[in-house]
Amino acid sequence: MNLITAVIKPFKLDEVRAALLAFGVTGMTVTEASGYGRQRGHTEVYRGAEYTVELLPKVRLEVLVDDDDTDDVMEAIVRAARTGKIGDGKVWAVAVSSVVRVRTGERDAAAV
Amino acid sequence: MNLITAVIKPFKLDEVRAALLAFGVTGMTVTEASGYGRQRGHTEVYRGAEYTVELLPKVRLEVLVDDDDTDDVMEAIVRAARTGKIGDGKVWAVAVSSVVRVRTGERDAAAV
Amino acid sequence: MNLITAVIKPFKLDEVRAALLAFGVTGMTVTEASGYGRQRGHTEVYRGAEYTVELLPKVRLEVLVDDDDTDDVMEAIVRAARTGKIGDGKVWAVAVSSVVRVRTGERDAAAV
Amino acid sequence: MAPLDTGNNAWMLTSAALVLLMTPGLAFFYGGMVRRKNVINMLMMSFSAMGTVGVVYVLWGYSMSFSGNILGGLVGNPFTSFGLAGQFPEFLGPGGAETAGNSFDGGSGVTSMAFVAFQLTFAIITVALISGSVADRMKFSSWLVLSVVWVTVTYFPLAHMVWGGGLLSADGPVGRHLIAPMDFAGGTVVHIDAGVAGVVLAFLLGRRKGYRKDPMRPHNVPFVMLGAGLLWFGWFGFNAGSAGNASGLAGLAWINTSTATSAAMIGWLAVERIRDRHATGVGAASGAVAGLVAITPAAGFVSPIGSIAIGAIAGATCAWAIGLKNRLGLDDSLDVGGVHLVGGFVGTVLIGFFSTSTGLFYGSDGRQLLAQVIAAAAAIAYSGVTTLIVGLAIKKAMGLRAATDDELEGLDVAIHGESAYDLEGASLGGSGTLSHVFGSRPPGESAPRSTHQEVTA
Amino acid sequence: MAPLDTGNNAWMLTSAALVLLMTPGLAFFYGGMVRRKNVINMLMMSFSAMGTVGVVYVLWGYSMSFSGNILGGLVGNPFTSFGLAGQFPEFLGPGGAETAGNSFDGGSGVTSMAFVAFQLTFAIITVALISGSVADRMKFSSWLVLSVVWVTVTYFPLAHMVWGGGLLSADGPVGRHLIAPMDFAGGTVVHIDAGVAGVVLAFLLGRRKGYRKDPMRPHNVPFVMLGAGLLWFGWFGFNAGSAGNASGLAGLAWINTSTATSAAMIGWLAVERIRDRHATGVGAASGAVAGLVAITPAAGFVSPIGSIAIGAIAGATCAWAIGLKNRLGLDDSLDVGGVHLVGGFVGTVLIGFFSTSTGLFYGSDGRQLLAQVIAAAAAIAYSGVTTLIVGLAIKKAMGLRAATDDELEGLDVAIHGESAYDLEGASLGGSGTLSHVFGSRPPGESAPRSTHQEVTA
Amino acid sequence: MAPLDTGNNAWMLTSAALVLLMTPGLAFFYGGMVRRKNVINMLMMSFSAMGTVGVVYVLWGYSMSFSGNILGGLVGNPFTSFGLAGQFPEFLGPGGAETAGNSFDGGSGVTSMAFVAFQLTFAIITVALISGSVADRMKFSSWLVLSVVWVTVTYFPLAHMVWGGGLLSADGPVGRHLIAPMDFAGGTVVHIDAGVAGVVLAFLLGRRKGYRKDPMRPHNVPFVMLGAGLLWFGWFGFNAGSAGNASGLAGLAWINTSTATSAAMIGWLAVERIRDRHATGVGAASGAVAGLVAITPAAGFVSPIGSIAIGAIAGATCAWAIGLKNRLGLDDSLDVGGVHLVGGFVGTVLIGFFSTSTGLFYGSDGRQLLAQVIAAAAAIAYSGVTTLIVGLAIKKAMGLRAATDDELEGLDVAIHGESAYDLEGASLGGSGTLSHVFGSRPPGESAPRSTHQEVTA
Ligand SMILES: Nc1ncnc2c1ncn2[C@@H]1O[C@H](COP(=O)(O)OP(=O)(O)O)[C@@H](O)[C@H]1O
Ligand SMILES: Nc1ncnc2c1ncn2[C@@H]1O[C@H](COP(=O)(O)OP(=O)(O)O)[C@@H](O)[C@H]1O
Ligand SMILES: Nc1ncnc2c1ncn2[C@@H]1O[C@H](COP(=O)(O)OP(=O)(O)O)[C@@H](O)[C@H]1O
């Protein structure tokens with residue numbers, strides 16, 4: 001099993017989810033995140049003091065997938081999340097040694 | 001060392017923490033997360049428009065443990081987090097190449 | 001590639017970021033987290049009932065780096081995040097099998 | 001019938017509006033104190049009381065409080081002024097609308113419409129006060145029914161007894177044989193009454209799931225303080241308006257209201273600082289409310305110095321009483337008993353000492369003190385017994401408590417189908433899908449029934 | 001000229017302050033309903049109307065509403081009392097400031113200053129009401145221009161027609177030939193007017209990006225309810241103040257205002273419970289506002305029982321109308337049409353039935369009903385046509401709609417350079433850097449121009 | 001002694017309630033502007049001033065402000081009316097409570113109780129205003145002491161000098177030899193006074209940790225705007241109530257208050273738009289407050305057109321002054337100096353131009369202008385010197401500044417033992433454990449002492 005983590009623009013979440021569903025992946029875990037990178041933030045002004053908000057809102061997805069599906073799922077996420085503008089984010093994969101479904105105790109492929 | 005990540009129902013956090021403590025694991029890092037999966041969301045209605053909130057609140061735990069303890073800790077988490085209802089979540093483990101305790105610079109087993 | 005994850009005290013974020021920048025690492029992903037550990041929480045009192053808030057606010061950083069840089073970057077983070085008081089946090093590294101930049105599709109070293 | 005005094009009438013109209021605002025204020029005072037998952041339900045208990053009691057008061061509430069005297073002075077006749085009939089005599093006359101409502105009350109040249117308006121707002125807030133005791137776990141439909149039945153069975157009669165010439169008024173047995181019990185603005189009718197009702201209902205409902213185990217700390221302290229600020233403001237209408245005119249008596253009540261509140265806030269914070277090590281925002285808000293409650297019966301009867309004493313005593317006593325409650329293990333969730341029953345009782349009884357005309361400290365004998373204790377005890381007894389009957393009846397008929405799952409999930413989503421906040425950054429905030437727009441449903445297709453669907457794996 | 005009646009004058013001053021508070025109340029009612037990214041913009045539309053209309057009213061608004069009669073009764077003369085000239089005749093006289101503003105209006109001994117104050121607040125809130133329709137997508141500069149132009153072209157003439165002795169008053173053609181249309185406190189001038197304007201502007205602006213696709217649920221339900229609470233409170237000034245004095249008529253209007261609101265809340269919640277399965281907090285707030293709107297034209301003309309009926313009908317009708325809007329696909333975002341146009345219309349027309357002096361249910365013929373329908377139709381027509389012209393002109397001149405990127409990012413950051421909340425724990429909250437302190441900029445160095453900088457990779 | 005005028009008295013009672021509400025309003029205006037970790041502390045500074053000053057005013061504050069004249073007109077005698085003695089002469093008389101407080105003030109038939117109530121609220125808010133300067137870093141116990149000492153040493157004497165027949169009144173040297181300085185509602189006593197005190201205390205306290213380095217942006221902009229809305233509303237009591245009756249003068253002050261505020265909001269937003277590129281919500285709120293401040297001394301002395309000018313000038317000047325502060329490097333955290341000192345000064349001085357009876361623009365000579373400058377300068381000097389002494393004394397005795405760790409952690413948790421919000425979804429929200437219920441502690445066992453426990457590894 002692999003764990004694919006994707007950091008994407010928040011408004012792309014729905015499209016990515018649809019792409020995953022189309023691929024047959026029905027589960028994922030989502031966290032709010034913020035990203036620093038090449039993309040620049042916006043400025044806010046309060047009583048004559050200007051702040052640059054450099055941490056940009058991102059969404060972080062985690063998807064557990066079979067080894068065989070890993071590349072395809074990454075590809076699917078990348079395609080769905082792309083806008084072509086700076087800040088689109090990253091997708092990466094890490095090897096998972098074991099997975100358990102809490103409800104049933106099923107392991108690995110059966111767990112997701 | 002391994003990193004165990006668990007995505008569980010929020011109200012189970014206290015029980016899981018107690019189970020970990022019983023096992024001798026005293027530290028962990030917790031993030032709020034949301035999950036898609038088999039479990040269905042609830043609906044909300046505002047002025048005649050109904051929304052299905054499909055992202056369900058979850059808690060995501062990370063626990064660094066020695067290789068030897070990994071299976072037992074996973075087992076302990078699974079037991080404590082189980083309700084038997086859909087949506088109980090997943091637990092998985094990933095191999096960690098090195099760990100450092102920021103305060104002291106101690107590494108690996110000594111770091112946790 | 002490796003993924004370095006650091007759990008640090010929130011007010012150290014800026015210093016760590018500066019240290020990473022000095023090292024040439026310009027991107028990272030940040031999530032709010034909470035930590036249990038040796039560090040004790042604070043108490044809050046409401047109408048005669050006292051609560052101990054044991055989950056302490058932490059910040060969780062993820063940085064993708066080349067294999068060669070891994071140790072140095074971990075070192076840099078540890079140095080910048082250290083206060084010497086309990087609760088400074090942990091830094092760990094995990095091997096990543098592949099990374100993609102969403103915008104361009106570039107992979108691995110070119111992706112970060 | 002005195003001629004219209006526009007100044008007095010203006011003050012009563014203003015006061016009525018001020019008191020009306022207290023209920024939204026209370027909603028925030030309470031709403032900030034519950035957990036995030038129940039805040040809408042908490043607000044809805046106050047707002048819905050504005051709905052139900054607002055209608056009921058006009059229909060039979062005013063009449064039961066102030067029209068006639070049946071059952072031996074226990075209550076007024078609900079039919080005499082049903083729908084406010086007869087309260088605007090010139091209304092249908094030749095003058096038409098222009099003179100509508102020009103019938104006067106008392107000797108102050110205040111129109112009966114203004115008087116009704118003022119009284120209406122008291123009935124609403126008394127019901128809303130109770131909601132603090134039943135927080136986080138009551139069925140909303142049962143609350144709606146309770147609001148109508150309780151105000152009818154408990155509140156209107158008590159209002160009649162004290163203010164409508166009934167048993168606890170100057171014309172009642174205590175008044176005739178001892179001395180008239182004093183209640184300037186509702187220490188018995190409003191605060192003791194609601195406080196007792198809250199305690200009884202908390203007892204009938206049982207404790208919240210996780211009581212004493214899960215942390216149940218206020219989810220929004222600024223809301224608690226906003227509520228306290230609005231209550232303080234509105235209470236000038238409550239107390240100074242209870243003078244019934246814009247005289248010096250109203251001014252005295254104004255000053256005493258403010259002063260007692262200030263002193264009670266300090267008293268409460270002092271207890272907190274000593275006992276709990278911290279003077280809290282919730283404590284400042286609670287102390288202020290305790291002071292407002294305690295000065296309510298006394299506002300027009302004591303000197304400003306007396307009001308400082310009453311406030312300080314009440315603030316400290318209520319802070320202490322809330323600790324006591326913890327010892328008893330009764331889950332009076334937001335301390336309606338500890339604040340309104342205790343504060344109302346303290347204020348009612350202290351009149352016996354501080355009344356400048358009849359108080360012990362001013363050289364009078366103890367008759368006033370005795371009368372005050374009797375009146376307070378009578379209010380406790382009447383409210384306790386009737387609330388118990390009403391509560392048991394509703395429990396039997398439809399249940400009082402929300403389903404356990406609903407309580408655990410939170411009443412906002414489970415009962416009201418809403419979450420209070422959607423404050424996420426740009427990210428998960430709006431997440432979800434628009435699953436249905438009701439207006440656009442093809443007729444015939446019915447809405448899905450269950451809120452919490454689970455499919456099998 | 002009647003001598004000063006301090007009671008009536010006090011009530012008008014108080015009422016004016018109450019009505020002024022309604023606009024911040026409305027800001028929160030609306031602000032809580034939009035998504036988090038647009039809440040400041042929503043608040044700013046109301047607050048900026050307090051700025052622009054507040055100035056304009058004193059300059060030419062009062063004069064256009066109440067001074068003279070030009071264009072055949074369409075509007076007053078903007079120059080006659082420009083800057084309130086002549087409204088404080090003794091102001092510069094020998095008595096000096098002490099008697100400033102002592103000129104009286106009507107026969108109630110109310111000073112013209114108090115009358116102007118009262119009227120000023122109506123103009124402000126009418127403009128602010130419109131903002132609900134254009135939520136989340138309007139250019140702020142265009143809103144500012146619209147507020148000034150619209151109030152001048154649409155509101156002041158309509159106020160003149162109805163209250164200033166113009167076409168729709170007792171002296172107008174309907175009044176002379178049929179019967180005077182009745183509008184106690186602004187059902188036509190304020191609510192139908194703003195409701196129509198909102199619908200027209202929503203049409204001109206088009207739908208929000210993501211309409212019917214993205215969830216657009218209220219980001220802060222307690223704010224919605226806070227706003228409703230403040231509106232209810234302030235509305236006592238609006239309606240009872242519209243009696244123009246502190247008489248029994250004011251008291252009747254007070255009672256009817258409260259009662260109709262209570263009934264409308266219940267009506268709305270009942271529809272929700274049946275149709276949507278849940279009685280919501282947003283529904284309680286919306287129902288209350290619908291009731292306040294509907295009783296506005298009728299508050300002094302109907303009996304308390306009548307007001308219950310009007311409220312219940314309005315609450316249910318508006319709840320139903322909002323569903324209808326969904327079917328039409330018009331993105332009247334916060335339902336200004338569904339609440340203010342429909343509620344104002346319902347209230348205006350129901351006077352024809354419930355007016356105790358001229359209503360069908362009180363044995364009169366249908367003349368009043370006819371007059372009410374004519375007045376409502378005239379208001380719809382006048383507001384519709386003028387708003388369309390004003391809206392098209394501004395659209396042509398400067399555009400109505402914010403840039404798409406700004407809309408997607410959220411108007412708060414994009415237009416106002418601010419985020420509403422920074423509520424993170426200790427962590428990311430303050431994150432960012434102080435990039436510039438304007439006062440400390442060396443003169444000559446100019447501020448960076450663009451807000452959204454992207455560097456190329 | 002004029003007979004009771006219920007209309008005037010009603011208006012003063014209403015005004016007093018309105019002004020009282022300003023302090024919670026201010027608490028939110030300020031509370032929204034600080035970082036999340038200090039919001040409760042910010043609210044508590046205002047609320048606690050309602051506690052301490054509320055009591056002190058009744059004890060010796062009124063007497064020092066208005067009873068007699070000691071130290072050559074510097075201050076009244078604190079003992080003459082201690083505890084309001086003698087202000088309700090009939091109170092203990094045979095009429096009993098019914099006529100309590102019926103002693104009248106001035107020639108308007110206003111009771112002294114209403115007058116005291118009105119004045120009491122001014123003292124409270126003046127103290128609360130200062131808290132903006134010391135935000136985020138002041139010891140709470142020192143604040144409590146300061147509130148009592150400062151109001152006694154600085155505020156009461158200044159109130160006496162200006163309104164109590166003292167040095168800066170018509171009977172003082174300036175009044176006798178030049179012309180009476182004009183201050184309608186407290187430009188000197190309240191705003192210049194608090195503004196100077198804020199600046200002095202900010203200087204004594206030093207800058208916040210992280211000043212100019214960490215972002216310190218408002219954590220809740222809607223709260224800032226809510227506060228501004230409540231302030232605007234309450235200010236009608238402040239200014240129009242300062243007429244002392246419900247006459248045309250009150251109406252004029254009402255109009256001018258509103259108009260100046262509208263214009264100032266526009267002025268401030270215009271400066272922001274030009275200088276900072278964005279018209280912000282905080283700017284709208286701040287501009288409104290600047291306008292309210294500036295019109296305070298002038299409200300009854302200028303024409304509506306004059307008030308527009310004063311407002312616009314004040315809005316723009318204060319927006320500009322806040323930039324200037326940034327240049328000076330003084331950490332007057334929430335700009336009490338920039339808004340209240342500058343706004344109060346601008347308003348006070350502009351009377352010399354715009355007063356319709358004595359202003360330069362109305363053909364008078366410059367005597368009024370000179371008198372205004374003298375009065376403003378005297379207020380600045382008196383407040384500056386006394387605040388410096390009081391501040392230094394408290395600093396010496398108990399310290400002014402919170403512990404550095406407490407400041408970094410946030411004063412809410414460190415000092416008040418509370419977090420403002422617990423808004424998490426269902427997850428971490430309530431996390432924590434109920435570690436102690438104080439009421440249930442077996443007697444004898446004492447509470448744990450330290451809040452921040454760290455165990456060694
Ligand atoms: N080295 C990195 N490690 C982890 N996350 C990164 C790294 N670099 C960038 N990111 C994440 O990816 C997001 C997008 O990166 P950015 O450099 O702005 O644009 P792009 O990926 O389009 O070149 C960042 O906001 C951050 O969340
Ligand atoms: N493939 C996946 N990858 C990552 N997280 C997942 C995956 N599938 C499910 N999850 C997480 O586990 C949670 C529970 O999954 P769900 O399918 O609803 O129930 P169960 O695990 O009981 O079958 C989800 O809400 C989500 O957070
Ligand atoms: N075993 C663990 N696994 C994951 N995170 C841990 C673990 N132990 C500690 N942490 C994280 O590190 C933080 C600091 O740990 P703590 O034991 O308090 O101090 P220190 O690291 O200085 O000894 C915790 O708050 C938690 O977020």
Check whether [X] gets within reach of chain D through its side chain, its backbone, both or neither, counting any heavy atom under 4.5 Å.
X        : value
E/Thr280 : both
E/Leu269 : side chain
E/Ala240 : neither

With a 4.5 angstrom heavy-atom cut-off, is it the side chain or the backbone of [X] that approaches chain E, or both, or neither?
X        : result
D/Leu120 : side chain
D/Val58  : side chain
D/Val39  : side chain
D/Tyr421 : both
D/Tyr57  : neither

Please answer whether the main-chain N or O of [Y] pairs with a side-chain N or O of [X] as donor and acceptor at a distance below 3.5 Å.
X        : Y        : value
D/His219 : D/Val34  : yes
D/Ser112 : D/Phe115 : no
D/Ser63  : D/Trp60  : no
E/His278 : D/Ile415 : yes

In plain terms, say whether E/Arg208 and E/Asp136 are close enough for a salt bridge, that is, a side-chain N and a carboxylate O under 4.0 Å apart.
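Answer for the salt bridge query: yes.
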What residue in [options] has the most heavy-atom pairs under 4.5 Å with chain E?
options                     : value
D/Ser419, D/Ala420, D/Ser48 : D/Ala420
D/Gly234, D/Gly31, D/Gly54  : D/Gly54
D/Leu59, D/Ile124, D/Leu20  : D/Leu20
D/Thr23, D/Asn220, D/Ile40  : D/Ile40
D/Ala117, D/Gly25, D/Gly32  : D/Ala117
D/Ala114, D/Ala10, D/Ala17  : D/Ala17

Shortest non-hydrogen contact from [X] to [Y]?
X        : Y       : value
D/Asn245 : D/Met12 : N-SD, 4.0 Å
E/Glu407 : E/Lys37 : O-NZ, 3.7 Å
D/Leu43  : D/Ala27 : CD2-O, 3.3 Å

Once you measure the plane-to-plane angle for D/Phe223 and D/Phe28, does it fall in the parallel (<30°), tilted (30-60°) or perpendicular (>60°) bin?
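Perpendicular.
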Of the listed residues ([options]), which shares the most heavy-atom pairs with chain D below a 4.5 Å separation?
options                              : result
E/Ile305, E/Ile255, E/Val224         : E/Ile255
E/Ser355, E/Gly7, E/Ser262, E/Gly251 : E/Ser262
E/Thr257, E/Val282, E/Thr261, E/Thr6 : E/Val282
E/Ala279, E/Ala284, E/Ala253         : E/Ala279
E/Trp254, E/Phe236, E/Trp11          : E/Trp254

Given E/Met22, which of E/Phe233, E/Phe29, E/Phe238 fulfils the side-chain contact (heavy atoms from CB on, under 4.5 Å) condition?
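Among E/Phe233, E/Phe29, E/Phe238, the one that satisfies the side-chain contact (heavy atoms from CB on, under 4.5 Å) with E/Met22 is E/Phe238.
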Donor + acceptor pair across side chains of D/Ser108, D/Asn8 (<3.5 Å)
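There is no such pair (donor and acceptor under 3.5 Å, judged by atom type) between the side chains of D/Ser108 and D/Asn8.
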Show your working on ring pair (Phe, Tyr, Trp, His ring centres under 6.0 Å) between D/Phe140 and D/Trp143 and close with a plain yes or no.
CA-CA 5 Å; D/Phe140 187 60; D/Trp143 168 258; 8.2 Å; no
